[in-house]
Asks: 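So that we are looking at the same thing, I have put the structure below in structure tokens.
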Amino acid sequence: MRLEINGEWQETEASTLAELLTQLDYGDAPVATARNGAFVRKQDRAATALHPDDKIEILVPRQGG
Amino acid sequence: MDHLELYGVGLSSRLMLGTAQYPSPALLAESIKVSGTQIVTVSLRRESGGGRAGQDFWSLVKSQNVRVLPNTAGCHTVKEVVTTAQMAREVFDTNWIKLEVIGEEDTLQPDVFALVEAANILSKDDFEVFPYTTEDLVVAEKLLRAGCEVLMPWGAPIGSGRGLNNPYGLRAMRAHFPNIPLIVDAGLGAPSHAAQAMEMGYDGILLNTAVAKAGNPPKMARAFAQAIEAGRSAFLADMIEARDMAAPSTPVIGRAFT
């Protein structure tokens, strides 16, 4: 299915958010996730099913003012 | 000891330092160290899988032994801000959030209507909110009623280096809220700007660009720390009132040739 991941459309075979993170090689990186604008907790990623056209945000710590 | 207390946390430094725009991670680390700051601001941004910049940055910050204040920089709506705050809480493991809702692109002025709404939502969700706001007293009252225990009025537009654009408004805010921690956040360029705010009785300063974009960031970080300390001491020492005419400092009594 096609998902919008961090603003870019991508094809994926992942069926859950946890699978998607693994496929995208995030590994153990400290990331926070949101699906369609709503926060998804780390412990809920495995149970968060993905659907075509979902908008996924995967964010990491960065410099800020 | 003259301590600042923010949400129950005692701090000996009154400088809060941003972590963006430094020429190198080493200069960021050195600036944090020499400034003596105990709080640095951080953000959340996108990074491709396999990238390490975020992880490396986070490791560097963790090694500095400082508290982090995540921001919601770049958010324009209540929904974006609330989601970003929730994401930041998980990654950074803190209830503190520097609440920024941008309302206007040229000035990066806060959208104070959205700010109050978001502060209400986040406070009810156990966040400890540091709102980036203006010097508007009505907005300030609403933020306090929303649960904020700290207010952070702007000095000038973010990154402008203009100093205190509205000293009257900031002075009025200080007078109106004598017991609320007030931090001037954004727009400072020179250490004297920070000293000016501290002399007014402000409790602290949050800045980033003035240090990060200086020719020598660590030296400038130290200069700001010194200015903040000097301004605070001056405030506590009760400065004299300005007057229009001269008043001789050398005693008049005993003057020769009279």
Side-chain angles (χ1 to χ4, degrees), chain A, chain B residues 16-22 25 28 40-62 68-74 77 79-80 82-93 98 100 108 125 132 158-159 185-186 206-212:
Chain A
M1 76 182 115
R2 239 161 69 93
L3 303 175
E4 191 182 323
I5 303 166
N6 283 353
E8 290 183 6
W9 288 98
Q10 293 184 41
E11 283 289 335
T12 180
E13 290 174 6
S15 59
T16 68
L17 190 51
E19 281 177 29
L20 181 67
L21 288 175
T22 303
Q23 287 188 8
L24 292 176
D25 196 25
Y26 280 95
D28 292 332
V31 299
T33 50
R35 176 176 162 268
N36 297 329
F39 171 54
V40 179
R41 296 182 304 169
K42 189 174 184 179
Q43 61 265 41
D44 295 335
R45 288 175 196 154
T48 300
L50 300 176
H51 302 286
D53 300 332
D54 274 353
K55 291 179 190 297
I56 305 297
E57 291 287 348
I58 306 166
L59 304 184
V60 302
R62 291 310 288 264
Q63 296 84 350
Chain B
M16 301 155 86
L17 197 59
T19 56
Q21 305 183 90
Y22 289 80
L28 165 61
V40 298
T41 52
V42 293
S43 74
L44 284 175
R45 287 291 181 266
R46 293 167 170 171
E47 181 174 72
S48 302
R52 284 205 49 95
Q55 209 165 343
D56 291 348
F57 168 70
W58 186 217
S59 296
L60 182 144
V61 170
K62 282 196 286 190
V68 294
L69 175 59
N71 70 27
T72 61
T77 67
K79 189 178 179 194
E80 285 173 8
V82 169
T83 300
T84 302
Q86 291 167 333
M87 296 170 88
R89 177 161 62 182
E90 182 178 83
V91 168
F92 296 113
D93 194 25
K98 179 187 167 188
E100 291 183 54
L108 299 179
D125 191 17
Y132 167 60
I158 295 169
D185 174 13
L206 197 166
L207 56 89
N208 188 158
T209 307
V211 167

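Chain letters run A, B, ... following the sequence lines, proteins first and then strands; every chain starts at 1.
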Asks: What are the two closest non-hydrogen atoms of A:Y26 and B:E47, and how far apart are they?
Replies: OH-O, 2.5 Å
Asks: Can you tell me if B:T83 uses its side chain to pair, donor with acceptor, with the backbone of A:A38 under 3.5 Å?
Replies: no
Asks: Mind checking the CE-CZ spacing from B:M87 to A:R41? Nearest 0.5 Å is all I need.
Replies: 14.0 Å
Asks: What part of B:E100 gets within 4.5 angstrom of chain A, counting heavy atoms only: side chain, backbone, both, or neither?
Replies: side chain
Asks: Provide the closest heavy-atom pair for B:A20 versus A:G65 in the form atom of the first, atom of the second, distance.
Replies: CB-N, 4.4 Å
Asks: Do A:P61 and B:V91 come close enough that some side-chain heavy atom pair is under 4.5 Å?
Replies: yes
Asks: CD/B:E90 to CD/A:Q43 distance, rounded to the nearest 0.5 angstrom?
Replies: 6.5 Å
Asks: Tell me, side chain or backbone of B:F92 under 4.5 Å from chain A's heavy atoms, or both, or neither?
Replies: side chain
Asks: Should we say atom CD of A:E8 is surrounded by more than 12 heavy atoms from elsewhere, each under 6.0 Å from it?
Replies: no
Asks: Give, as side chain, backbone, both or neither, the part of A:Q23 having an atom under 4.5 angstrom from any heavy atom of chain B.
Replies: neither
Asks: Give the member of B:L44, B:V40, B:N208 that has the highest number of heavy-atom pairs under 4.5 Å with chain A.
Replies: B:L44
Asks: Taking all heavy atoms of A:P30 and all of B:Q55, pick out the closest pair and write down the distance.
Replies: CD-CG, 3.7 Å
Asks: Taking A:Q63's backbone N and O only, do any of them form a donor-acceptor pair with B:T19's side chain (distance below 3.5 Å, no angle check)?
Replies: no
Asks: Given side chains that start at C-beta, do those of A:L59 and B:R46 come closer than 4.5 Å, heavy atoms only?
Replies: yes
Asks: Among A:A29, A:G37, A:G27, which has the most heavy-atom pairs under 4.5 Å with chain B?
Replies: A:G37
